[in-house]
Amino acid sequence: MDQSFARRYRLTKTDEFSSVFGFRRAIRGKLLMLHYQPRAAGMTDARLGLVVGKKLLKHAVDRNRLKRIVREQFRLRRASLPVMDIVVRLAVKPAPLDGKQIADDIVMLFDKLQRPRPKRENE
């Protein structure tokens, strides 16, 4: 199985990010928020986009570390994820940036994304 993080697994254009945010579906973890949108029919892979603002993490080294951790967890679990466009963003400012806590949070969000959601009566 290919374990790379190739361009076809990334959200790259502003319109792609806007489309996911516009779909208005999200799952919140302790530190991260995962926005998602099902991909069009015929698509076979999940794609990932990351949004980490300077407002919550001042130092570039911290923002880059967070992105590396999330990309790695996505890369390891990509084959088991549903075919969706996913945008992960930092929801709260972490006191100290703890890699293990971030990894656990994103794994928990990916697990929630894989579980089937019960249908509401009014949908």
Side-chain angles (χ1 to χ4, degrees):
M1 182 173 74
D2 181 27
Q3 288 287 319
S4 68
F5 188 59
R7 192 165 186 86
R8 69 177 180 266
Y9 304 128
R10 304 177 196 178
L11 294 177
T12 56
K13 298 181 178 134
T14 304
D15 291 346
E16 295 168 344
F17 280 88
S18 297
S19 175
V20 174
F21 285 126
F23 192 66
R24 303 184 61 83
R25 297 276 185 208
I27 307 169
R28 187 177 176 127
K30 293 176 184 170
L31 297 173
L32 303 171
M33 191 132 185
L34 186 145
H35 299 265
Y36 61 93
Q37 176 183 18
R39 290 196 67 191
M43 300 297 179
T44 58
D45 296 312
R47 295 190 302 175
L48 177 71
L50 294 162
V51 177
V52 185
K54 289 181 187 177
K55 193 173 189 178
L56 295 175
L57 284 177
K58 300 279 186 221
H59 302 286
V61 66
D62 292 334
R63 293 191 301 274
N64 291 335
R65 182 165 177 237
L66 178 105
K67 289 190 258 185
R68 262 196 319 274
I69 292 166
V70 172
R71 278 189 203 116
E72 180 66 8
Q73 295 305 319
F74 174 80
R75 186 185 67 79
L76 293 172
R77 288 165 179 75
R78 184 185 72 237
S80 63
L81 289 173
V83 180
M84 293 189 171
D85 285 340
I86 300 167
V87 175
V88 176
R89 69 178 181 89
L90 192 60
V92 297
K93 183 175 185 171
L97 188 63
D98 180 18
K100 172 114 175 76
Q101 187 179 13
I102 293 166
D104 291 344
D105 201 27
I106 193 65
V107 167
M108 184 265 308
L109 290 172
F110 285 155
D111 288 344
K112 274 188 181 180
L113 187 64
Q114 289 174 320
R115 280 188 238 136
R117 287 166 298 286
K119 293 281 184 186
R120 293 184 194 161
E121 290 179 21
N122 58 359
E123 282 190 34

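Predicted model, so just to flag it, every value in this text is computed and none were measured.
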Worksheet item: Looking only at heavy atoms, which two atoms of Arg39 and Asp45 are closest? And how far apart?
Response: NH1-O, 2.7 Å
Worksheet item: Can you hop from Ile69 to Leu56 via hydrophobic side chains spaced under 4.5 Å?
Response: yes
Practice prompt. Grab the two heavy atoms, one from Gln114 and one from Ser80, that are nearest each other, plus how far apart they are.
Written response: NE2-O, 2.6 Å
Worksheet, complete the sentence: Closest non-hydrogen contact found for Tyr36 with Met84 is CD1-SD, 3.6 Å
Worksheet, complete the sentence: All heavy atoms of Ile106 vs all of Ala103, minimum pair found to be CG2-O, 3.3 Å
Fill in: Side-chain donor or acceptor of Asp105 paired with backbone N/O of Leu32 under 3.5 Å
yes
Discussion item. Could you work out, with side-chain contact (heavy atoms from CB on, under 4.5 Å) as the rule, every residue matching Lys54, not counting sequence neighbours?
Written reply: Arg63
Worksheet item: Do the side chains of Met33 and Phe74 join up, straight or via other hydrophobic residues, at under 4.5 Å, putting them in one cluster?
Response: no
Fill in: side-chain contact (heavy atoms from CB on, under 4.5 Å) partners for Thr12, two or more places apart
Arg7, Arg10, Glu16
Discussion item. Show me the pairs that pass salt bridge (charged side-chain N to carboxylate O under 4.0 Å, His left out) and involve residues 64-73, at least two apart or across chains.
Written reply: Glu72-Arg75
Discussion item. Quick one, Gln37 and Ser19 - any side-chain contact, counting heavy atoms below 4.5 Å?
Written reply: yes
Worksheet item: Are the side chains of Leu81 and Ile86 in touch, meaning some heavy atoms are under 4.5 Å apart?
Response: yes
Discussion item. Running the 4.5 Å side-chain criterion over Ile, Leu, Val, Met, Phe, Trp and Tyr, what cluster does Val61 land in, apart from itself?
Written reply: none
Item to complete: Each residue besides Phe17 in its hydrophobic cluster should be listed here, by chain and number; the cluster joins Ile, Leu, Val, Met, Phe, Trp and Tyr at side-chain heavy-atom distances under 4.5 Å.
Response: Leu11, Val20, Phe21, Val51, Val87
Fill in: Hydrophobic cluster membership, Phe110 vs Ile27, 4.5 Å side-chain cutoff
yes
Item to complete: Keeping the roles fixed (side chain from Arg78, backbone from Ala46), state whether a donor-acceptor pair exists under 3.5 Å.
Response: no
Discussion item. List the residues meeting side-chain contact (heavy atoms from CB on, under 4.5 Å) with Asp62, not counting sequence neighbours, and say none if there are none.
Written reply: Leu57, His59, Leu97
Practice prompt. Determine the minimum heavy-atom distance between His35 and Ala26, stating which atoms define it.
Written response: ND1-CB, 3.6 Å
Item to complete: Verify side-chain contact (heavy atoms from CB on, under 4.5 Å) between Val70 and Leu48, making sure each step is shown before the conclusion.
Response: CA-CA 9 Å; Val70 172; Leu48 177 71; 4.3 Å; yes
Worksheet item: Tell me, do Val92 and Arg28 make a side-chain contact under 4.5 Å, heavy atoms counted?
Response: yes
Worksheet item: When rounded to the nearest 0.5 angstrom, what is the spacing between CD1 in Ile102 and CG in Leu66?
Response: 4.5 Å
